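Have a look at the structure below, then the notes.
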Amino acid sequence: MLEIVELTKRYGDVTAVDGVTFRVRPGVVTGFLGPNGAGKSTTMRMILGLDKPTSGSALVNGRPYVDSRAPMRELGVLLDARNVDKGRSARNHLRALGATVGIGRTRVEDLLELVGLSDVADKSAGSFSLGMGQRLGIATALLGDPSVVMLDEPVNGLDPDGIQWIRGLLKDLAAEGRTVFVSSHLMSEMELTAEHLVVIGRGRIIADMSMDDFIASASPDRVRVVSPEAVRLREPLLALAKSVTSAEAQVLEVEGVPASIIGDLAAELGVRLHELTSISASLEEAFMELTRESVQYHGAASGHATIDGARA
Amino acid sequence: MSAVTVNERTSAPAERDLRFTRVLRSEWIKQWSLRSSAITLGATLAVMILFGVVSSLSATGSVETTGPGGGGGDPFSGSGDPLATVLAGANFGVLIVSVFGVLAGAREYGSGMIRSTMAAVPARLPVLWAKVAVLVSTLLVVAVLGVFVAYFAGNAILSSADAATAQWSDEGVVRALLGNVAYLVGLGVIGLALGLILRSIGGGLGTLIGGILFLPTLASALLPDTWDSALKYLPSNAAQSFTAVAAPETLLSAGQGAVVFALWLVVAVAGAAVAIRVRDV
């Protein structure tokens, strides 16, 4: 269980994390979602005690992590896979860190096998590819058999096979009753693994809800109707729909009425339809929409209409 | 790939605790799992012993020196101190030990490993004490071996040539030998502390080597003589009072020098403790 209360971190004038409050419960995978620079890593570093909060607190299983009696057994973490001494072998890296809570060779070998690094365990960690480094980082996180697992962008650099594997792993860890907290800047990744979402933007929590609720709230059903007699449909649809917009003469975009009803209505009225398409916003779009105002680094002259130039 | 279970719920809770002895073991594994450690320490030993042997041979005239005077047969050329002759390698040992200490402190900041380390030991200070303990025990062995092997080997060479030797029973010899051991170990620890405070290998090395080797010479050359009373409190000048058999009058007494050097050591380690405790990793 992670409990984050009014957590704030300021660097000079810049507020990286701004009064963040949320809980991460055991038994489910909780996604920590936000654009780059939103404060995900800073929040995680404060939970670990690597960065001291300007104010507020973060509790791991009810107390500050600094006071943990068996740190690696309590909270396993992957922050940045490159946080290793380059000259040390993967095996010795795990042995050295595990030694702090009395983890021996057998456990180290098990973890090397679990992440698929047994064959390269004696190679120096500095020679690893990003994906192999990521696997070593995940092995480090799981080394202490921790009750809380916290991973920052774990799929970074993994091949499709590795990504599949980590999705399954995260779900298994949660099913075993652990608290699993995973950050990502990709909604598409969260969609497949997380049951609960904490969305952060510009250091503030924008949403804290179950994935189901997020999907429901984020994707209003819209239907695109193309008809040479669009005008005739407009009036009756207005009575049923939340909104009806028309970008072109023959095109209607209807929100809040299913395509089947629109089709039936058109048949009753004898209106010819050329196209009837349900458009549900992808979660990626929903996430973009949600965080649009809080994205810190917009691309300069992006052609996408979805990015609100006025804000940037 | 997932044939192995993630679970390991076999050990009793008390067996899972963080203990200082475990952090110590972690740092011990870290030190010896880098090939550079053994190489650097081996080089320290080799340099101290070989330079002592070569300098003893050249003092007895067995080896031609290239100075303008040719191969002087006079064993008292140069410093004229037989102990300085047999411990000629100590100056180079000091350099390598400094590098080793700074690396032990700054390496993890350079690589990012420090974040993995502090995530495993969030109380932070046990890491410092463990690093100090591992470094001290390692350097103690290397310094004792280097200093005493160089002493006995060098003395054997000198006495076989009937040159003056630094006898065990001579006044100040044992003190100077132990003083050299203490200086080597102490400098390593100061290096470690500087590495942890400055978080940079270059910065730590620059500060240590500049402060230890160049500052005293530079300062005494540039500053008026009236400053000498202050300069003797510099770490290297303080150390010289207990590493040489007969230190110049202008320096502190051996006892005072030891106290002053120990104070430098304490200040450096205390500074590292504050830096580790207070600063974000």
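In the text below, chain A, chain B and the rest are named by the order of the sequence lines, each starting its count at 1. Side-chain atoms are counted along with the backbone in the values below, which use heavy atoms only and exclude waters and symmetry mates. Here the structure is a predicted model, which is why all the values come from computation and not from measurement.
- Using a 4.0 Å cut-off between charged side-chain N and carboxylate O, A:Asp110 and A:Arg107 make no salt bridge.
- Per-residue counts of heavy-atom pairs under 4.5 Å with chain B were compared for A:Leu97, A:Asn83, A:Leu78, A:Leu75; the largest is that of A:Asn83.
- Between A:Thr43 and A:Phe32 the shortest side-chain heavy-atom distance falls below 4.5 Å.
- Residues B:Leu184 and B:Val97 approach most closely at O-CG1, 3.0 Å, considering heavy atoms.
- Ranked by heavy-atom pairs shorter than 4.5 Å toward chain B, the options A:Ser89, A:Gly137, A:Gly102, A:Gly76 are led by A:Gly102.
- For the options B:Gly110, B:Ala119, B:Ala123, heavy-atom pairs under 4.5 Å to chain A are most numerous at B:Ala119.
- For B:Tyr233, there are no side-chain hydrogen bond (donor to acceptor under 3.5 Å, both in side chains) partners two or more places apart in sequence or in a different chain.
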Show me the donor-acceptor pairs, under 3.5 Å and distance only, between side chains in residues 43-52 of chain B and residues at least two apart or in other chains.
from: B:Thr44; atom 1: OG1; to: B:Thr40; atom 2: O; distance (Å): 2.7

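- Proximity to chain A is absent for every atom of B:Arg35, based on heavy atoms less than 4.5 angstrom apart.
- Salt-bridge check for B:Glu108 with B:Lys131: passed, with a basic side-chain N closer than 4.0 Å to an acidic carboxylate O.
- A salt bridge is defined here as a Lys NZ or Arg NE, NH1 or NH2 lying under 4.0 Å from an Asp or Glu carboxylate O, and A:Glu74 with A:Arg69 fails to meet this definition.
- Looking only at heavy-atom pairs under 4.5 Å with chain B, the residue among A:Asn92, A:Leu48, A:Asp67, A:Val101 that has the most is A:Val101.
- Contact tally against chain B (heavy-atom pairs below 4.5 Å) for A:Pro64, A:Gly168, A:Pro71: the top residue is A:Pro71.
- For a residue to count as touching a neighbouring chain, one of its non-hydrogen atoms must lie under 4.5 Å from one of that chain's; by this rule A:Val77 touches chain B with the side chain only.
- Of the atoms belonging to B:Val127, not a single heavy atom falls under 4.5 Å from chain A.
- The part of A:Arg82 that comes within reach of chain B is its backbone (N, CA, C, O), which places non-hydrogen atoms under 4.5 angstrom from that chain.
- Chain B forms the most heavy-atom pairs under 4.5 Å with one residue out of A:Leu79, A:Val66, A:Asp80, A:Asp85, and that residue is A:Asp85.
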